[in-house]
Amino acid sequence: MRLHLVDGTYELFRAHYSPGPSRTAPDGTDVKAAVGCVRQVAALLDDPDEQCTHVAVAFDNPIESFRNDLFEGYKDGSGVEEALLAQFDLVEEGVRALGVTVWSMDEHEADDALATAAVRFRDEVDQVRIMTADKDLGQVVGGNVLQVDSVRDRVFDEDGVLERLGVPPAAVVDHLALVGDSADGIPGVPGIGAKTSSVLLVRYGSIDAIPPDPADWDVKVRGAARIAASLRDHAEEVALWRRLATLVTDVDLGCELEDLRHAGPDRAALTAWAARVGSASLGDWRA
């Protein structure tokens with residue numbers, strides 16, 4: 001039995017910016033992103049290699065969360081095209097019509113829902129597969145919890161996270177705090193790049209465990225004195241970056257594992273939604 005947790009926001013953006021012509025509904029509105037995302041979820045459900053039994057899709061709706069109250073520069077919806085923002089409610093309706101549970105997040109982010117579900121349900125299933133390329137989900141990978149980047153056809157276990165990011169899952173939060181995460185608006189620490197962060201965190205495990213005096217470091221780091229000074233001078237910011245990068249794992253999802261079992265589409269809802277967006281093939285899905 002597998003639990004598939006899909007980053008719907010990632011899939012929506014991916015569909016919007018994918019190559020190919022635009023797509024409009026019969027009323028003339030842009031529906032390329034919504035239709036593309038719903039098609040991707042349907043394809044996942046139909047993929048024999050994925051063996052989907054239990055599925056949920058999480059969306060940031062709106063894009064802002066509690067993290068925006070902590071840091072003004074954190075990602076928000078200000079730079080997102082209006083045509084894409086207008087499809088968030090539409091895509092949620094389409095995914096629900098497929099018979100899939102949707103978590104529409106407001107105070108928290110989609111990634112918090114995915115992390116919560118992975119931690120909460122991992123002991124009840126054979127495997128949890130988190131369907132996203134976002135680096136921050138690497139922090140909950142381990143044991144039977146895997147991260148799947150379907151675009152690059154890669155599956156990351158603990159060793160895969162280490163290979164990809166240069167640090168193990170337990171150090172992902174600190175790594176993002178040090179090097180920053182442009183996708184989320186986390187600036188990182190000036191002068192510290194991915195290689196330096198990797199060397200220090202693989203050796204010491206966490207930022208807190210790095211000796212404050214670089215003379216005590218037993219790993220070779222270029223510009224050690226400057227880096228130690230930067231860590232010291234930016235300690236307050238680092239604490240904030242860590243909090244921003246840490247996924248919440250106790251979100252109230254309002255469901256149990258059995259509620260996520262996929263039993264087929266809501267035929268009436270899917271037929272109506274497909275007609276609304278002008279997609280005959282989705283209307284016939286599993287008919």
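Just the heavy atoms: all of them, side chains too, but no hydrogens, waters or symmetry mates, feed the values below.
- Ion pairing of Asp184 with Lys75 is present here, as a side-chain N (NZ or NE/NH1/NH2) and a carboxylate O approach within less than 4.0 Å.
- The backbone N or O of His54 sits nowhere less than 3.5 Å from a side-chain atom of Arg2 that would complete a donor-acceptor pair.
- Although no hydrogens or angles enter the test, the distance criterion places a donor-acceptor pair under 3.5 Å between the side chain of Lys32 and the main chain of Ser18.
- Look at Arg276 and Glu93 and you find a salt bridge, because one of the NZ, NE, NH1 or NH2 atoms lies within 4.0 Å of a carboxylate O, short of that distance.
- In this structure, Thr53 and His262 have side chains that are not in contact, with every pair of non-hydrogen atoms separated by 4.5 Å or more.
- Distance alone, capped at 3.5 Å, is enough to place a donor-acceptor pair between the Thr116 side chain and the Val251 backbone.
- The backbone N or O of Gly278 lies less than 3.5 Å from a partner atom in the side chain of Arg23, making a donor-acceptor pair.
- Side-chain N/O atoms of Asp60 and Thr9 include a donor and acceptor closer than 3.5 Å.
- Side-chain contact check for Ser65 and His108: no donor-acceptor pair (N or O, by modelled atom type) lies under 3.5 Å.
- Cluster annotation: Leu260 and Val41 are assigned to distinct hydrophobic clusters (Ile/Leu/Val/Met/Phe/Trp/Tyr, side-chain heavy-atom contacts under 4.5 Å, transitive).
- Judged as a side chain to side chain contact (heavy atoms under 4.5 Å, CB included), and not counting sequence neighbours, the contacts of Asp208 are Ser206, Arg242.
- Using modelled atom types, one finds a donor on one side chain and an acceptor on the other under 3.5 Å when comparing Ser150 with Arg14.
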Inset, instruction - Walk me through it: do Asp89 and Asn61 pass the test side chain to side chain donor-acceptor pair (under 3.5 Å)? - result: CA-CA 8 Å; Asp89 290 341; Asn61 191 5; 2.8 Å; yes

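- Remark: Phe71 engages Trp241 in a ring pair (Phe, Tyr, Trp, His ring centres under 6.0 Å) (not counting sequence neighbours).
- Surrounding CZ of Arg267 are more than 12 heavy atoms belonging to other residues, nucleotides or ligands, all under 6.0 Å away.
- You'll find the side chain of Pro169 stays beyond 4.5 Å of the side chain of Val140, heavy atoms only.
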Inset, instruction - Take Glu256 and Arg261 through the salt bridge (charged side-chain N to carboxylate O under 4.0 Å, His left out) test and state the conclusion after the steps. - result: CA-CA 10 Å; Glu256 300 298 330; Arg261 183 183 294 277; over 6 Å; no

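- The shortest distance between side-chain heavy atoms of Arg39 and Ser281 falls below 4.5 Å.
- Taking both residues in full, the closest heavy atoms of Val6 and Leu114 are given as O-CD2, 3.7 Å, listed atom of the first, atom of the second, then distance.
- Thr132 places no side-chain N or O within donor-acceptor distance of the main-chain N or O of Asp7, the cut-off being under 3.5 Å.
- If you check the side chains of Asp218 and Tyr204, you find a donor sitting under 3.5 Å from an acceptor.
- Side-chain atoms of Asn144 and Asp126 form no donor-acceptor pair, as typed in the model, at a separation below 3.5 Å.
- Under a hydrophobic-cluster definition in which Ile, Leu, Val, Met, Phe, Trp and Tyr are linked whenever side-chain heavy atoms come within less than 4.5 Å, directly or via other members, Val145 and Leu162 are assigned to different clusters.
- Two residues are said to be in side-chain contact when any heavy atoms from C-beta on lie closer than 4.5 Å; Val55 and Thr101 fail this criterion.
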